[in-house]
Amino acid sequence: MKLLIVESKGKIEKLQSILGPEWKVAACFGHVRDLPPKALGFSDSDFEPYYEETERGAGIIGRLKTLVKSASEVYLASDPDREGEAIAWHLWQCLKLKDYKRITFAEITESAVKAAIAAPRKIDMGQVDAQKARRVLDRAYGWLTSGPLSRACGCKSAGRVQTPGVCLIVERERERTAFTTTTHYGVELSFEAVDNVADGWKAQWISKDWIPDGQEYFLDKDVAAKVEALRTLEVLDCPQSESRKAPPAPFSTSVLQQTAKKALGFAPKKTMELAQGLYESGAITYMRTDSVNLSAEAQESIRRFCIDRQWPVVATPRTWKAKGNAQEAHECVRPTHIEVENAGETEDHKKLYALIRLRTLATQLEDTVYAVTVLKLGADVGGKEALFEARGRSIVSPGWRVVYEDSGAVADADDAEGGGQEPALPVPAMKVGTKATAVAGRLLTKNTKPASRYDEASLVRELEKRGIGRPSTYVSIIETIKNRGYVTLEKDQFVPTPLGSTLYDAVKGRFGFVEYETTQNLESALDGIVEGKTSYNAVVAPAYSALAAEVGAFEKATGKVCPDCGKAMRHIVKPAKGKYKGCDFWGCSGYPDCKHTM
């Protein structure tokens with residue numbers, strides 16, 4: 001019997017059906033070991049972590065050891081990312097495996113699984129060391145800062161990625177509070193139906209040449225009213241052109257979360273739970289990825305599928321450049337079998353699968369082509385020319401949008417990326433020098449608005465933009481800052497609580513790990529460990545040293561300091577029983593080297 005160990009129980013049935021009776025598929029249910037919950041968990045000299053089996057992990061290891069005894073070969077098939085690599089390493093050590101085979105697959109299909117089994121490897125210690133560094137530093141930031149913050153301001157926790165997330169929300173709220181609204185004016189004229197524009201058309205006043213130096217907006221309502229009264233304008237120019245819009249890239253994890261929120265109303269947590277189910281059932285590729293590209297095999301199958309439907313396939317297969325410090329060890333999120341139109345157990349599974357599938361199909365089709373008309377008009381107002389512009393476009397060739405037209409779905413091209421476009425309605429092509437007659441005018445009173453609060457989708461986009469966290473952490477960041485009481489959701493938007501604002505004021509300018517550039521640099525350093533450009537100790541030691549110094553300075557500024565050694569004093573309260581019944585005192589944090597008490 002050959003033993004295949006995966007992370008999730010949900011994969012077992014599908015994998016067992018692929019591998020057959022000669023195999024036994026078992027799950028480890030994620031990490032079986034972790035740092036001890038009630039200790040720092042590593043030496044502050046060499047930073048080597050010491051792990052202990054979790055309460056759940058001990059039972060799992062016991063069951064897996066029994067299976068290992070009767071197995072001729074053991075394959076460690078935890079997920080294809082850093083956490084998965086670390087899980088495989090922990091299993092190797094806990095199960096005391098003399099021999100093992102490490103395999104990964106980005107999709108649970110017969111071809112992918114059997115190809116992985118045919119090409120086993122050893123555990124990648126670069127990935128393991130990067131995960132160890134992240135775990136150790138996350139523990140250090142939480143362990144060393146939470147106590148001082150709790151004593152100083154009542155904030156019970158801080159974290160390497162959660163606290164920068166809180167800071168983003170607090171800064172946006174304070175920006176909104178400090179914002180001063182400016183009332184300014186514009187003009188829109190409506191014109192009579194002409195030629196093929198049966199419903200009429202509109203033109204907007206271009207006010208920039210009317211704005212005095214030093215002003216950002218046009219503020220004179222009386223002058224705007226005179227412009228609004230115009231009814232006869234001369235056509236000054238009418239350029240016509242063609243514009244093209246390429247399809248959006250395939251889904252990375254963060255863009256999938258953003259688009260699912262906007263198109264389907266799914267919170268990032270729900271999206272990832274649904275995607276996990278689709279992956280485990282073999283419907284989509286691995287759902288945690290920075291990559292936006294397809295494998296050559298996937299491209300070929302998608303293009304062949306589109307050709308069979310006589311859709312306009314682009315001549316050269318499309319590829320995309322990933323953003324910044326993306327980890328592109330995997331493909332994008334895509335269907336494993338593009339010909340499968342529906343997948344998933346529930347309606348929500350099916351909606352998410354359709355979103356992924358249509359996006360994937362669109363990637364290999366031609367651009368959408370538009371005919372664009374820009375009509376420029378002018379008229380005299382008090383000796384100065386008022387310029388108006390009407391912009392419109394109409395589809396010449398639908399290109400990739402044929403996928404959405406055929407399915408009856410709405411194209412999601414501009415959802416997550418925020419792409420702008422000309423109005424869909426056309427405007428007439430008119431000869432220069434002819435007159436256009438407005439049938440109505442509208443004075444537009446506009447008020448400047450502050451930046452919107454973050455919702456879950458826009459916060460994920462901002463975290464990714466600033467290099468805070470990874471695809472596997474976005475959901476946990478959001479859930480943590482909500483559960484700790486630092487933010488609340490009001491009308492689906494994040495608002496900092498008083499405790500969140502207190503945390504911001506306590507850490508900003510005092511701790512380097514909350515600075516966005518520092519957080520991003522650390523993510524790059526973790527990548528460097530994987531790539532062999534740096535080492536575990538070279539990353540952890542300076543980060544820990546800087547943190548320890550910052551914590552010491554914070555405690556001296558906000559708390560009691562030991563008069564003997566200069567280290568922080570800690571408030572210690574003993575329970576009302578036992579030898580030190582009801583003791584309430586301050587003790588030096590340097591104990592047992594320093595035994596000073598107050």
Could you tell me if the side chain of [Y] sits less than 4.5 Å from the side chain of [X], heavy atoms only?
{"X": "Ser254", "Y": "Arg461", "value": "no"}
{"X": "His31", "Y": "His90", "value": "yes"}
{"X": "Val460", "Y": "Ile478", "value": "yes"}
{"X": "Val487", "Y": "Tyr454", "value": "no"}

Would you call the rings of [X] and [Y] parallel, tilted or perpendicular if under 30° counts as parallel and over 60° as perpendicular?
{"X": "Tyr286", "Y": "Tyr279", "result": "perpendicular"}
{"X": "Trp400", "Y": "Tyr404", "result": "perpendicular"}
{"X": "Trp89", "Y": "Tyr51", "result": "perpendicular"}

Between [Y] and [X], is the closest basic N to carboxylate O distance under 4.0 Å?
{"X": "Asp129", "Y": "Lys132", "result": "yes"}
{"X": "Glu297", "Y": "Arg334", "result": "no"}
{"X": "Glu83", "Y": "Arg288", "result": "no"}
{"X": "Glu347", "Y": "Lys351", "result": "no"}
{"X": "Asp455", "Y": "Lys262", "result": "no"}
{"X": "Lys14", "Y": "Glu280", "result": "no"}
{"X": "Asp34", "Y": "Arg139", "result": "no"}
{"X": "Glu515", "Y": "Lys508", "result": "yes"}
{"X": "Lys114", "Y": "Glu110", "result": "yes"}

Original post:
What are the two closest heavy atoms between Met287 and Thr253, and how far apart are they?
Top reply: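 Nearest heavy atoms, Met287 then Thr253: O-OG1, 2.7 Å.
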Original post:
Do you know the tightest heavy-atom contact between Pro248 and Thr363?
Top reply: O-CG2, 3.7 Å
Subject >> Arg102 to Tyr100 six-membered ring, cation-pi geometry met (6.0 Å, 45°) >> reply: no
Original post:
Is Lys11 positioned over the aromatic face of Phe29, cation under 6.0 angstrom from the ring centre and no more than 45 degrees off axis?
Top reply: no
Original post:
Between Arg357 (side chain) and Val340 (backbone), is there a donor-acceptor pair under 3.5 Å?
Top reply: yes
Just distance, no hydrogens or angles: give the donor-acceptor pairs under 3.5 Å from side chains in residues 264-275, sequence neighbours left out.
unit_1: Lys270; atom_1: NZ; unit_2: Asp348; atom_2: OD2; d: 2.7
unit_1: Thr271; atom_1: OG1; unit_2: Ala267; atom_2: O; d: 3.3

Subject >> Test side chain to side chain donor-acceptor pair (under 3.5 Å) applied to Gln127 - qualifying residues, sequence neighbours left out >> reply: Asp124
Subject >> Glu464 and Tyr474 side chains, donor-acceptor separation under 3.5 Å >> reply: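 No, Glu464 and Tyr474 have no side-chain donor paired with an acceptor closer than 3.5 Å.
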Original post:
Is it true that the side chains of Thr285 and Glu331 contain a donor and an acceptor less than 3.5 Å apart?
Top reply: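 There is no such pair (donor and acceptor under 3.5 Å, judged by atom type) between the side chains of Thr285 and Glu331.
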